[in-house]
Student: 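The structure is given below, and queries will be raised subsequently.
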Amino acid sequence: FQNPHPDFVFRMRNPVLEEVPAVNHNPAALPGFFKDRFGIGFYGVHTVADLETIHKLAANAVLLSGSAKNLEEMIAACNRLGLAYVLSTPHDPEGIASFADRIKDLVRRDRLAFYVNDEPEIRSVPVAGVVQTRQLLQKRFGDIATCMATVRPIGAYIYRDGADYFMSDQYPVPSMPMTWL
């Protein structure tokens, strides 16, 4: 049982403690997307011209929308420019098969990672669905890096089995109290 809300009291009847098997968190065992580079990239990239500008800035990675109409053209440009690309996947496991079929012959595995979810802890996304998305991608692409952004640091812990890498996406939202971060 994980309580992501430590300020609230949960009462249970007849609790049982069970040992959880250790998870290998050895950084050397992680997929190789960022093994030989420190990722400096951009989000919100929509055109090949954007990619060419980014390449001139000495950045080495971009996050691309997996639903973009020009995705094939964008992947080809990333391959040509030597940019690593993080592809935003469908967030539901049902959409992974058609997405994988669309990109499988285009991607270079040494430049590819998947963005499997965006701030899932804020939207109360079921952990099992995120884990299933990761498993389906690994089944199709093997040992490919997966990542996601979380707002609250506890999100990385809650969704730890759903991605290899976590990005901190903490920003104030005017209608929310600062304590939610």
Side-chain angles (χ1 to χ4, degrees), residues 1-13 15-35 37-46 54 59-68 83-96 99-100 111-139 141 143-181:
F1 178 76
Q2 298 173 5
N3 176 7
H5 308 287
D7 295 338
F8 293 94
V9 175
F10 285 86
R11 297 175 200 255
M12 298 181 286
R13 182 180 293 174
V16 176
L17 294 177
E18 294 181 9
E19 187 174 345
V20 176
V23 177
N24 181 6
H25 289 292
N26 176 4
L30 289 173
F33 183 69
F34 289 112
K35 278 197 173 146
R37 65 175 77 90
F38 182 81
I40 300 174
F42 289 86
Y43 168 79
V45 181
H46 303 290
I54 289 167
N60 60 10
V62 292
L63 191 140
L64 302 176
S65 170
S67 62
L83 293 171
Y85 39 95
V86 180
L87 298 180
S88 181
T89 68
H91 294 170
D92 60 315
E94 295 80 27
I96 294 297
F99 172 75
R111 297 175 198 244
L112 172 66
F114 290 110
Y115 189 73
V116 295
N117 218 295
D118 185 56
E119 304 171 351
E121 83 284 11
I122 298 299
R123 298 176 293 109
S124 300
V125 174
V127 173
V130 177
V131 171
Q132 185 181 12
T133 296
R134 180 183 186 201
Q135 291 169 341
L136 290 169
L137 289 167
Q138 288 176 329
K139 186 175 181 180
F141 294 93
D143 196 22
I144 285 294
T146 55
C147 57
M148 73 174 73
T150 59
V151 174
R152 297 181 183 122
I154 191 69
Y157 177 75
I158 293 169
Y159 292 92
R160 66 191 176 277
D161 294 328
D164 299 303
Y165 298 96
F166 289 86
M167 297 173 275
S168 180
D169 195 7
Q170 297 165 332
Y171 54 89
V173 174
S175 63
M176 299 298 289
M178 290 299 287
T179 54
W180 83 309
L181 301 177

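Every heavy atom of this structure was used, including side-chain atoms; hydrogens, water molecules and symmetry mates were not.
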Student: Can you tell me how far the CZ atom of R111 sits from the CG atom of L87, to the nearest 0.5 Å?
Tutor: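 Atom-to-atom, R111:CZ and L87:CG are 13.5 Å apart.
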Student: Would you please test T89 and Y115 for side-chain contact (heavy atoms from CB on, under 4.5 Å) and show each step?
Tutor: CA-CA 6 Å; T89 68; Y115 189 73; 6.0 Å; no
Student: CG/L112 to OG1/T146 distance, rounded to the nearest 0.5 angstrom?
Tutor: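 These two atoms lie 10.5 Å from each other.
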Student: Could you measure the distance from the CD1 atom of I40 to the CD1 atom of I54? Nearest 0.5 Å is fine.
Tutor: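 Taking CD1 in I40 and CD1 in I54, the distance rounds to 12.5 Å.
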Student: Could you check whether the rings of F114 and F141 sit parallel, tilted or perpendicular, using 30° and 60° as the cut-offs?
Tutor: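 It falls in the tilted class, 30° to 60°.
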Student: Kindly write out the residues that satisfy side chain to side chain contact (heavy atoms under 4.5 Å, CB included) with S65, not counting sequence neighbours, or none if the list is empty.
Tutor: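 Side chain to side chain contact (heavy atoms under 4.5 Å, CB included) check on S65 returns S67, A68.
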Student: With sequence neighbours left out, write down each residue that passes side chain to side chain contact (heavy atoms under 4.5 Å, CB included) with V125, or none if nothing qualifies.
Tutor: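 For V125 the side chain to side chain contact (heavy atoms under 4.5 Å, CB included) partners, ignoring immediate neighbours, are N117, P120, R123, V130, Y159.
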Student: If you count heavy atoms of other groups shown closer than 6.0 angstrom to OH of Y43, is the number above 12?
Tutor: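 No - once you tally the heavy atoms of other residues, nucleotides and ligands closer than 6.0 Å, there are 12 at most.
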Student: Mind checking side chain to side chain contact (heavy atoms under 4.5 Å, CB included) for L136 and listing every partner two or more places apart, or none if nothing turns up?
Tutor: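 Counting only residues at least two positions away or on another chain, L136 forms a side chain to side chain contact (heavy atoms under 4.5 Å, CB included) with P93, I96, Q132.
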Student: When rounded to the nearest 0.5 angstrom, what distance separates CZ in R134 from SG in C147?
Tutor: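 If I round to the nearest 0.5 Å, the distance is 11.0 Å.
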Student: In Å, rounded to the nearest 0.5 Å, how long is the span from CG of N60 to CZ of F42?
Tutor: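 Spacing of CG (N60) from CZ (F42) equals 10.0 Å.
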Student: What's the separation between atom CD in Q138 and atom CD1 in I144, rounded to the nearest 0.5 Å?
Tutor: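 Result: 9.5 Å between the selected atoms.
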Student: Which heavy atom of F99 sits nearest a heavy atom of P90, and at what distance?
Tutor: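 So the two residues come closest at CG-CD, 3.6 Å.
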Student: Could you tell me which non-hydrogen atom of V116 sits nearest to which non-hydrogen atom of M148, and how far apart they are?
Tutor: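 Smallest interatomic distance, heavy atoms only, reads CG2-CE, 3.9 Å.
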Student: Side-chain contact test, heavy atoms from C-beta onward, threshold under 4.5 Å: evaluate it for I158 versus V127 and give yes or no.
Tutor: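 I158 vs V127: side chains touch.
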Student: Output all residues satisfying side chain to side chain contact (heavy atoms under 4.5 Å, CB included) with E119, sequence neighbours left out; order by chain, then residue number.
Tutor: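 Result, side chain to side chain contact (heavy atoms under 4.5 Å, CB included) vs E119: E121, I122, V151, D169, Y171.
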Student: I need the minimum non-hydrogen distance between L63 and S88, along with the two atoms involved.
Tutor: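 Between these two residues, the closest heavy atoms are CD2-CB, 4.4 Å.
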Student: Looking at every heavy atom in both Y165 and A145, which two are closest together, and how far apart are they?
Tutor: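 Minimum heavy-atom contact is CE1-CB, 3.8 Å.
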